[in-house]
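Working notes for the structure below.
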Amino acid sequence: MEQQNYRNLPPGKPGQAWLERLRRELNEAQFTFATADAPVILGLAGPGSGKTRALVYRCANLLKSGVSPEEVLLLTFTNKAAEEMKERLKKLLGAWPQELWAGTFHSTGARILRRHALLAGRANNFTILDEEDSRALFKQIAGSRTPPLNDEERNLLVKRGLLGRVITQARNSNLTVKEVVDEYYPYHWEYAGLIGELAELYARKKQEGNAFDFDDLLLWWLDLFENHPQVRERYQERFKHVLVDEFQDTNVIQGRIVDLFAGGSSLCVVGDDAQSIYGFRFANVGNILSFPEKYPHSLVVRMERNYRSTPEIVALADRSISFNRAQLPKALYSCNPSGAKPRVAGIRTADQEASYVVRRVLELHREGIPLQEMAVLYRSAYLSSAVELELVRRGISYRTFGGLKFFQKAHIKDVIAFLKVFYNPFDESAWRRIATLQPGIGPASFERTWLKLKQCGNPLEAVLAGEVSPTRGKEGWESLRGILRAAGAQDQSAPRMITAVMTGGYDQILEKNYPDQPEERRRGVERLAYYAARFASLPSFLESLALEESLFAGAAASPESEGDYLVLSTIHSAKGKEWEAVFVVGLNDGHFPRRDDERNLSEERRLFYVAVTRARRFLFLTTYRDEYRGWVASTGGPSLFLKELPPECYDVEIAEEYD
DNA sequence: AAAAATAAATTTTTT
DNA sequence: ATTTATTTTT
């Protein structure tokens, strides 16, 4: 691609002291990466090689060289990565550079679309649908279509989720519905037409409801840049430096967005193909693999020295990933002092595995390693339950990351839905949710009333004024009106609206729907109000809920955990993090790797690679022989990822005696 | 015909 | 724990 518009760094000198600091704190490769003045840079960095560090320092170096913060755009793939990056940059600079944009692709897309929503057929107060909202919409569409779907179609498309999967896959990989079905679901070829038809209905519904789903935030952003040159130029002009982290996880659409910046901005991406673990979100490793060919003049910087782990841990990781073919050649090595070999423990049951892990944690704790420096990692959230139980039993504090989300608990979603209709009165999903909470209002009568409501200029005002004349459930709409009145009197202040929703009547609904422990749930709503107070406005609170759910889910789910705590995390959520000691549990065939088709095996192995490379000095790998854990039957044997490793990589411990 | 009550089934990973 | 399917009530 032509780079004629590329502007060099401003003439400003970063200053001797700063450069000396870079020299001192970075190695050769990192230094090159952080300071190179090239239009296109690709960083290939193994785990623990200081890739984030190099990226953060590059960012700081730009600013120190006189680049203005508003000219920098920093894109990440997950919220965790974005937070980490912001945190470190803030620390390095002393303060956060206000005008600098840093965030996930999705949140950046939302931010840009807020300003140009009309060009995407929306008003700027659009709602963002999370996955659950989308699913509810699919269900509603399938239910209202004429002619109605038969049982078989409903079961496959809605209940088993084929509809949503095909649509999102098609959109994220820039294929048609038919192409996706032919290629990936050939045994369901006869549904391609129906899925295509429902996909169009879905798109129309979203537009009517002034809503974007997650995919839209990328697709309409791309559309904006491709079809409105004046908009694209405006952002190219502004963002003279675009930096992208975790480039191996970007999908086709994200790749094209990045390409569009390359015309006018300097572009710098980093990643590691061996750590690509978001295939299920249609990550396209091709983006990073073909980058050097696409940009033949790009500067490629390799960061291969691992600073994090002992040579023993790096050796095991390296051996494991070597079973994956089609990997960019890389020579990861560690110069750290030698340590203990990783330890593999075969245990009889899941409970004993938990007890073994907790014992080892306490042992290391006695040796002076704080709990915060240790983590228990697992493939899927449900694998944590035995360990959690054991920790509770022993009174050890912990925090979980990934898996079950605080904000998607039903009562929390209910309260949020009340707020949503104030922000976007055409948010059908939110209306359906709060209306059907009322006794006497079910899906069918809501549908009838909604048809009339959406004809009004403003459904919210119509309901508040009592202009609805429902066929049924009159008392329901009356009591809904009461709650909305209370919330409406709060000047759009999210925390006060939440309180008003409670006192206005949701409290009783909560009491009725969850008679077992209403107190617990009430506290949850209180915490929600508490967190809402952090945000400047209702819109920013709602946007954050949709896009950054996982970020404060952990913090909000349990009262502020003070002091030392152990981390329990899915491997996906652990990416980019590191601990002195790491326990990878549930290394059983069927659990990890999951029993899936061959295609996914190399991705599962990369996930294992990510897991083991989180450890600095101690690595424990545990497997058990039980056939069942939770609902899922495992084949009982140890994970393929253990079996394929040469025995000299680890020490074996037979730990039968734990109970 | 629609809503409510009851019984049964179901959970990868994240934006 | 929460969604979905089935039965009972209005």
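Chain identifiers are assigned alphabetically (A, B, ...) following the order of the sequence lines, protein sequences preceding nucleic acid strands; residue numbering begins at 1 within each chain.
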Exercise for the section: Give every residue pair that meets the salt bridge (Lys or Arg N to Asp or Glu O under 4.0 Å) criterion with at least one member in residues 537-547 of chain A, sequence neighbours excluded. Expected result: A:Arg114-A:Glu543
Completion exercise
For A:Phe583, the ring-ring contact (aromatic ring centres under 6.0 Å, His included) test, sequence neighbours excluded, returns A:Phe620
Practice task
Just jot down the ring-ring contact (aromatic ring centres under 6.0 Å, His included) partners of A:Phe239, sequence neighbours excluded, or say none.
Solution key: A:Trp101
Handout entry: Distance-only donor-acceptor test, A:Arg379 side-chain atoms vs B:dT13 base atoms, 3.5 Å
Key = yes
Handout entry: Side chain of A:Arg448 (C-beta onward), nearest among C:dT3, B:dT12, B:dA2
Key = B:dA2
Exercise for the section: Give a yes/no answer on whether the side chain of A:Ser445 brings an N or O atom under 4.0 Å of OP1 or OP2 in B:dA3. Expected result: yes
Fill in the blank from the handout: Quick note, A:Pro439 side chain, CB onward, closest among C:dT2, B:dA4, B:dT13 is B:dA4
Exercise for the section: Output yes when at least one side-chain N/O atom of A:Arg160 is less than 4.0 Å from OP1 or OP2 of B:dA9, else no. Expected result: no
Handout entry: Residues that A:Phe280 engages under ring-ring contact (aromatic ring centres under 6.0 Å, His included), provided they are two or more places apart
Key = A:Tyr278, A:His572
Practice task
Please work out whether the ring planes of A:Trp221 and A:Phe105 are parallel, tilted or perpendicular, with thresholds of 30° and 60°.
Solution key: tilted
Fill in the blank from the handout: Interatomic distance, NZ@A:Lys512 vs CG@A:Leu437, rounded to 0.5 Å, equals 9.0 Å
Exercise for the section: Heavy atoms under 4.0 Å is the rule here; annotate nucleotides 5-10 of chain C 5' to 3' with B where the base is hit, S where only the sugar-phosphate is, and - elsewhere. Expected result: S-----
Fill in the blank from the handout: Quick note, A:Ser380 side chain, CB onward, closest among B:dT12, C:dT4, B:dA3 is B:dT12
Handout entry: Watson-Crick and G-U pairing of DNA chain B written in dot-bracket, each distance under 3.5 angstrom, with | for inter-strand partners
Key = ||||||||||.....
Exercise for the section: Can you label the angle between the A:Phe541 ring and the A:Phe535 ring as parallel, tilted or perpendicular, going by 30° and 60°? Expected result: tilted
Exercise for the section: Calculate the interatomic distance between A:Glu603 atom CD and B:dT13 atom P; express it in whole Å. Expected result: 14 Å
